[in-house]
Amino acid sequence: MIARAGLSRLAARFILAALLPAIFANNARGTIHYSVSLEHPERHLFHVTMQIPDVTGEVTVQMPAWNALYQVRDFSAHVREVEASASSGTASIEKLDKLTWRVAGQGTVTIRYATYWDEAGPFATQLNSEHAFINPAMILLYVPARRAEDVKISLQEIPIRWSASSSLPGIDEAMGGVHVIEFDAPSYDALADAPIEAGQHDEFALPGLSPRVLVVVHGDKWNKKELEEKLRRICAYQLKLMDGAPYERYTFIVHLGETARGAGGGMEHANSTAIWLRSEQELPNLAAHEFFHLWNVKRIRPATLDPVDYTKEQYTRALWFAEGVTSTYAAYTLVRAQLWTNDQFYLDLSQQISDLEARPANRWQSAEESSLDAWLEKYPLYNRPQESVSYYAKGQVLGVLLDILIRDRSNNEKSLDDVMRAMNLEFAKQNKTYRDSLDVRLTAEKIAGGSFEDFFRRYVSRAEALPYSQILSLAGLELRTTLHKRPVLGFYTERGITGEAVAQSVDPESSAAQAGLRSGDIVLSWNGAEPPRNPERWVYSQKPGSEVRLRVRRDDRELSIDFRLGEATDTFYQVTEDSHAGVKAKRIREGILRGTTQPVTAQR
């Protein structure tokens, strides 16, 4: 839905004040209404009005502590100026804890507050002079006891020439010359899972797909024809793979180019995704991953994540499957839809294996443990190679290995594709959740006709060395190793309380330490610019011996520290085709690359 907004803000304010009671009165009893003002977007303040009908005595409201990322981020820290009133007499409001307020009142209770947001990215919320991107759970209070009730959100006082788009059904009501852009949702959870983009953006539907898939692009330097064709191929393949669409309408919200500065990544939602990236070249892999989440995690859902508890961590052992195997299918989609060559697919798999093997923690942290510890990812210490492995990388590799074993045991008559379709039928379409790794294993066993207990015990629940070569050979693939030199920074940085970059864990043998850098130094500038938000990622784009010029503050002094990047040697694992593979192995390899199952008949 695209809606246009106009009229002077001053006139709009008075007209809206007169119209809102009538608008709300015409809606069904029991619906909770949110009105969100985007006036003066350059101030980064959302002004929210929440109307809760049918209150008898008191009502408790909360602000989620987390959403989008597996991180408790306490969105209530952004909230200020909370006040309440009631239609039947006076109301009082009391804050109970960091997330919770209690309102005493009768009839329709109205809560007003402001919330400040200017964080870029699909996992955040932003309001500025360019646009508004809203993850609703980050700005909207909810009634814990009434999350299942219908909700409406109205965007008001929108800057001239802005549009608003979401996967939710919506209307643009021009009442008294005022545009009220309103979206409906069957519950707070559904609203929280439907981000909204408002601003000056392009919107178009992907051709040849039914139900409709809409693409909303905010950004610069993108080619519509190429983007449209890549997304169309991705969606068409996955819809065919999973036997049809689970949605009535799907929306890609894409931020490209400079508008996505410092905020790369993608976030899945029930009927949409939000993707932010600098280059259009990064889009296919992200889009294929997020679109496959339509099934895996949004509908094929682990019991440990359902229902959502917005107040605290929800621990699950299933992210290796929900996220990692989704990455398996992102890679499968790109090679099967011919957006990648075979060699690109092998290179991607090689990189995942190499990343795993380069992390010492791979020897002791299992895929399930990595899933459980997802809530620690906000801490820089945890993300170091010695402390953790990625459930994305480990899960993606496990997905490929499991697929090969299923194909080998079934004579290439069945595959991981059949497991995904079976879980979709048994769990998603029956509105049932699955029991983390257990039901994944049981479904794979049912499809393949044999036990995978040993595989899951050793490689999913435990951290035994993955048998890459042994299993890859069943698909006519070899694993070779080469030595690769990479630059080394010699220290880590962590963000201080006020956001500054602080040097930590300085390696005493590093050139940075020899140049005088100490743990605790506050990095003011980095090669004459702002310190990178992720120095570890920055260093990967450099070469050993590259010069680094830091300006740091230590106590009350500022110092200049210049040094050159060090060097380390890593082993790179390369997946290649085995030219001597047998007929069955070649058939399995072809099946993985093309998404086919074709049994091997006995040769006479």
Side-chain angles (χ1 to χ4, degrees), residues 12-39 45-64 75-76 78-97 99-115 134 136-158 166 168-176 178-192 194 196 310-311:
R13 187 180 301 166
F14 288 108
I15 294 172
L16 279 170
L19 288 175
L20 282 175
I23 295 172
F24 291 151
N26 290 331
N27 284 289
R29 176 183 174 89
T31 299
I32 295 173
H33 296 261
Y34 299 93
S35 169
V36 180
S37 170
L38 305 185
E39 188 178 25
L45 277 174
F46 295 97
H47 291 276
V48 181
T49 301
M50 178 186 188
Q51 293 196 314
I52 311 166
D54 309 322
V55 176
T56 56
E58 68 176 36
V59 63
T60 298
V61 296
Q62 287 183 324
M63 180 66 74
F75 306 134
S76 60
H78 296 250
V79 173
R80 67 194 205 190
E81 304 170 46
V82 184
E83 58 183 33
S85 60
S87 61
S88 301
T90 60
S92 63
I93 186 167
E94 178 187 9
K95 189 168 187 178
L96 302 180
D97 57 38
L99 306 175
T100 313
W101 291 259
R102 181 171 58 214
V103 181
Q106 292 283 127
T108 296
V109 167
T110 300
I111 302 173
R112 294 181 175 87
Y113 58 94
T115 180
I134 302 171
M138 298 180 188
I139 70 168
L140 300 180
L141 293 165
Y142 67 96
V143 183
R146 297 172 63 173
R147 275 169 52 178
E149 293 184 17
D150 290 347
V151 295
K152 289 182 180 291
I153 180 171
S154 299
L155 302 183
Q156 299 162 12
E157 297 177 301
I158 301 174
S166 175
L168 296 171
I171 57 172
D172 175 6
E173 289 188 325
M175 301 182 65
V178 178
H179 284 89
V180 179
I181 303 173
E182 190 171 76
F183 297 102
D184 298 307
S187 66
Y188 178 86
D189 290 356
L191 176 60
I196 299 169
Y310 295 110
T311 68

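From a predicted model like this one, the values you see are computed outputs, not experimental measurements.
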**Request:** Would you give the length of the straight line joining atom CD of Gln156 to atom NE2 of His47, rounded to the nearest 0.5 angstrom?
**Result:** 12.5 Å
**Request:** With the side chain counted from C-beta on, respond yes when Leu140 and Val36 share a heavy-atom pair under 4.5 Å apart, and no when they do not.
**Result:** yes
**Asked** Could you state the interatomic distance from OG1 (Thr110) to CD (Glu83), rounded to the nearest 0.5 Å?
**Response** 10.0 Å
**Closest approach of Ser166 to Phe183 (non-hydrogen atoms, all atoms of both residues)** = CB-CE2, 3.8 Å
**Prompt:** Any idea which heavy atoms bring Thr115 and Ile139 closest together, and the distance?
**Reply:** CG2-CB, 3.9 Å
**Request:** List for me each residue that meets side chain to side chain donor-acceptor pair (under 3.5 Å) alongside Tyr113, sequence neighbours excluded, and say none if there are none.
**Result:** none
**Heavy-atom pair of closest approach, residues Tyr142 and Tyr34** = CA-OH, 3.9 Å
**Item:** Nearest non-hydrogen partners of Ala137 and Phe75, listed with the distance
**Value:** O-CD1, 3.7 Å
**Request:** Decide yes or no on side chain to side chain contact (heavy atoms under 4.5 Å, CB included) for Asp184 and Asp150, but give the supporting numbers first.
**Result:** CA-CA 8 Å; Asp184 298 307; Asp150 290 347; over 6 Å; no
**Prompt:** Between Thr100 and Gln62, does any side-chain donor sit less than 3.5 Å from a side-chain acceptor?
**Reply:** yes
**Evaluation steps, side chain to side chain contact (heavy atoms under 4.5 Å, CB included), between Thr108 and His33** = CA-CA 11 Å; Thr108 296; His33 296 261; over 6 Å; no
**Request:** Determine whether Phe46 and Leu38 make a side-chain contact, defined as any pair of heavy atoms from C-beta on separated by less than 4.5 Å.
**Result:** yes
**Request:** Enter the distance from Ser154:OG to Glu182:CD here, rounded to the nearest 0.5 Å.
**Result:** 3.5 Å
**Message:** Could you walk me through whether Met50 and Ile32 satisfy the side chain to side chain contact (heavy atoms under 4.5 Å, CB included) test, starting with their C-alpha distance in whole Å, then the side-chain angles of each, then the deciding distance to 0.1 Å, before giving a yes or no?
**Reply:** CA-CA 7 Å; Met50 178 186 188; Ile32 295 173; 4.1 Å; yes
**Asked** Got Leu141 and Met63 here, is their nearest side-chain heavy-atom distance under 4.5 Å?
**Response** yes
**Asked** Rounded to the nearest 0.5 Å, what separation is found between the CD1 atom of Ile134 and the CD1 atom of Ile153?
**Response** 5.5 Å
**Message:** According to side chain to side chain donor-acceptor pair (under 3.5 Å), who are the partners of Glu94, at least two apart in sequence or on a separate chain?
**Reply:** Arg102
**Asked** If you round to the nearest 0.5 Å, how far is CD1 of Ile111 from CD1 of Ile93?
**Response** 5.0 Å
**Request:** Provide the closest heavy-atom pair for Pro136 versus Leu191 in the form atom of the first, atom of the second, distance.
**Result:** CG-O, 3.2 Å
**Asked** Looking at CD of Glu157 and OG of Ser35, how far apart are the two atoms once the value is rounded to the nearest 0.5 Å?
**Response** 8.0 Å
**Request:** Would you check if Val55 and Arg146 make a side-chain contact, meaning some heavy-atom pair closer than 4.5 Å?
**Result:** yes
**Where Val103 and Ala91 come nearest, the two heavy atoms and their spacing** = CG1-CB, 4.3 Å
